[in-house]
Amino acid sequence: MMTEYRPFVPPERTLMGPGPSDVSPQVLNAMCRSTVGHLDPEFIKLMDDTKRLLQYAFQTANPLTMPISAPGSAGMEACFVNLVEPGDKVIVCINGVFGQRMAENVVRCQATPILVEDPWGTQTDPDKVEQALKAHPDAKILAFVHAETSTGVRNDAKALCALARQYHCLTIMDAVTSLGGIEVDIDGWQVDAAYSGSQKCLSCVPGLSPVTFSQRAVELIQNRKTPVQSWFLDMNLIVGYWGQGGKRAYHHTAPVNSIYALYESLRILHAEGLAASWQRHHRCHQKLVNGLAAIGLDMAVDEHYRLPQLNSVLVPENINEAEIRQRLLNEFNLEIGAGLGKLAGRVWRIGLMGYGCSDKNVDYCLSSLSTVMN
Ligand SMILES: *Cc1c(COP(=O)(O)O)cnc(C)c1O
């Protein structure tokens with residue numbers, strides 16, 4: 001018997017989890033235009049414009065700003081494998097899943113992570129970071145997650161970067177969930193390496209990771225004692241393909257249509273303006289919090305460092321949280337996220353990211369939740 005495979009037609013969901021977020025039809029349309037060669041002069045122009053728009057989004061003049069052709073985790077790995085050499089010491093702030101992954105990256109670079117741990121759901125404490133910097137004057141890098149998607153906490157990026165400068169460390173910042181949703185100021189804060197993801201507040205399809213490296217970081221990469229252990233993620237090689245000026249040489253085949261989509265999503269962000277986008281995230285978040293309170297649901301994170309784009313909501317006693325999520329998906333085509341790691345079973349994570357951050361989605365989420373909970 002021959003199996004007949006039918007075309008895949010996805011259900012029409014509303015994505016309000018920790019990512020991917022809803023992708024606008026404008027971005028999906030851009031993606032389905034004809035594929036061109038990845039060294040086509042028209043595509044190279046698009047690469048240049050995409051880099052300029054990424055510089056805008058990151059608020060940086062760093063020439064080495066581009067999307068890595070792989071998801072956010074690859075952007076994380078690109079930052080660590082390029083900046084960390086065997087034997088280095090890296091201070092890693094951990095208050096959730098993604099900080100833990102950073103520490104794992106350090107170990108795999110054959111370097112030593114110095115952990116600064118804070119409880120999940122609270123902020124990284126800058127005083128503890130300063131103690132670690134004092135205790136380890138030979139540390140080379142301070143690494144932290146700006147927007148910890150696993151808990152909904154915003155870490156104080158500006159303060160952490162200032163400390164790193166003061167103690168002569170470079171910085172690696174995870175901006176996967178922060179970029180486009182809250183202020184990210186690479187040049188103002190003097191961040192040395194940052195990575196993001198296409199599918200959170202940029203509301204593009206998953207699979208791309210914008211990165212940016214400062215001049216200090218570039219010098220460090222160019223003067224490494226050992227070659228970068230990853231061929232694919234070696235920035236010394238990638239610049240030959242994505243770099244400024246000169247002739248573009250083949251390194252790998254860029255995901256051409258995904259770059260169309262990224263460009264379109266960045267164009268939308270640029271047209272709205274960064275400040276207006278942050279404000280929209282803040283406003284919808286307030287509306288969600290008020291609406292949740294009205295149906296008796298409390299937030300898990302202190303309001304002083306809550307992320308607007310990722311809302312951790314406490315699951316009331318004697319409620320089966322998985323069943324609620326299942327019913328939202330089955331009956332309302334609405335996806336929200338479960339708690340991760342230490343918060344599994346204790347919170348829901350409601351994303352308000354990019355295109356999905358709208359009054360319409362807030363209203364839909366509140367009405368669906370209250371229906372299902374009654
Ligand atoms: C989603 C996320 C990542 C990983 O991105 P992928 O695209 O899933 O690889 C890393 N860090 C943070 C903070 C994230 O939210």
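Whatever order the structure lists ligands and atoms in, that order sets their numbers, starting from 1.
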Asker: I'd like a table of the close N/O pairs between ligand 1 and the protein (anything under 3.5 Å), one pair per line with both atom names and the distance.
Answerer:
from, atom 1, to, atom 2, distance (Å)
ligand 1, 7 (O), G72, N, 2.9
ligand 1, 7 (O), Q199, NE2, 2.8
ligand 1, 9 (O), G72, N, 3.3
ligand 1, 9 (O), S73, N, 2.8
ligand 1, 9 (O), S73, OG, 2.5
ligand 1, 11 (N), D174, OD2, 2.7
ligand 1, 15 (O), T149, OG1, 2.4
ligand 1, 15 (O), T177, OG1, 3.1
ligand 1, 15 (O), K200, NZ, 2.7

Asker: Fit a plane to each ring of H251 and W231, take the angle between them on a 0 to 90° scale, and name the class: parallel (under 30°), tilted (30 to 60°) or perpendicular (over 60°).
Answerer: parallel
Asker: Kindly write out the residues that satisfy salt bridge (charged side-chain N to carboxylate O under 4.0 Å, His left out) with R283, not counting sequence neighbours, or none if the list is empty.
Answerer: D359
Asker: Between D192 and L170, is there a donor-acceptor pair closer than 3.5 Å when you use the side chain of the first and the backbone of the second?
Answerer: no
Asker: At their closest point, which heavy atom of A57 faces which heavy atom of L266, and how far apart are they?
Answerer: CB-CD2, 4.3 Å
Asker: Quick check for you: to the nearest 0.5 Å, what is the distance between Y305 atom OH and T124 atom OG1?
Answerer: 10.5 Å
Asker: How many angstroms lie between atom CG of L288 and atom CG of L352, to the nearest 0.5 angstrom?
Answerer: 5.5 Å
